[in-house]
Amino acid sequence: MIQIDYRSQKALYEQVRDELKKLIMKGVLKVDEKIPSVREIAGSLAINPNTIQRAYRELESEGFIYSVKGRGNFVSPRKNAEHTERIQELIKVFSTCSAELLYLGVSQETLIEKIYEGGKSHDTN
């Protein structure tokens, strides 16, 4: 389910966060679906539970998951209005990346195609 590269310079919690984010964005983990517990993931990856907890805290602050005391963590429904700050941050990053890609010769059509390819997994919500 989650792939970790122990030789990567990227922090383990960031890798866990990014892997779970991908699973959510691709629709592998559905809205309101319970995600594996901190202990389950920590055990399967042989990582300190505090590392997994940090990844979960970030996912929750970014609006990807929510926690229910005593029950666990679940995939959040998409609610754009609640994440305006994060949306603006991502739009800024997207603008910078797309401007650089255009400068390097990538066509607008290719960029648009990539946007639609990325969005296909989100059409289920």
- Message: Could you report the tightest heavy-atom contact between Ala55 and Val16, atom names first, then the distance?
- Response: CB-CG1, 3.8 Å
- Message: Please enumerate all residues that pass side-chain contact (heavy atoms from CB on, under 4.5 Å) together with Lys69, with sequence neighbours excluded.
- Response: none
- So do Ile35 and Ile41 actually touch side chain to side chain, heavy atoms under 4.5 Å? no
- Task: Kindly indicate whether the side chain of Lys10, heavy atoms from C-beta on, has any atom under 4.5 Å from the side chain of Asp18.
- Result: yes
- Message: Please list all pairs meeting salt bridge (charged side-chain N to carboxylate O under 4.0 Å, His left out) that have one or both residues in residues 88-112, counting only residues at least two apart or in different chains.
- Response: Arg86-Glu89
- Does Tyr103 sit in a hydrophobic cluster with other residues, and if so which ones, taking ILVMFWY side chains as linked at heavy-atom separations under 4.5 Å, directly or through other members? Leu104
- What's in the same ILVMFWY side-chain cluster as Phe74, cut-off under 4.5 Å, chained through other members? Tyr66, Val68
- Smallest heavy-atom separation, Ile2 atom then Glu19 atom, equals CG2-CB, 3.7 Å
- Message: Taking Val28 as the starting point, is it possible to reach Ile4 by hopping between hydrophobic residues whose side chains are less than 4.5 Å apart?
- Response: yes
- Heavy-atom closest contact (Ser107 atom, Leu102 atom, distance): C-CD2, 4.2 Å
- Same cluster for Ile47 and Tyr13 if Ile/Leu/Val/Met/Phe/Trp/Tyr side chains link at under 4.5 Å? no
- Under the salt bridge (charged side-chain N to carboxylate O under 4.0 Å, His left out) rule, what pairs show up with a residue in residues 49-59, not counting sequence neighbours? Arg17-Glu58
- Task: Find out whether Tyr6 and Leu45 are in side-chain contact, i.e. whether some heavy atom of one side chain is under 4.5 Å from a heavy atom of the other.
- Result: yes
- Partner residues of Val38 under the side-chain contact (heavy atoms from CB on, under 4.5 Å) criterion, sequence neighbours left out: Pro49, Ile52, Gln53, Tyr56
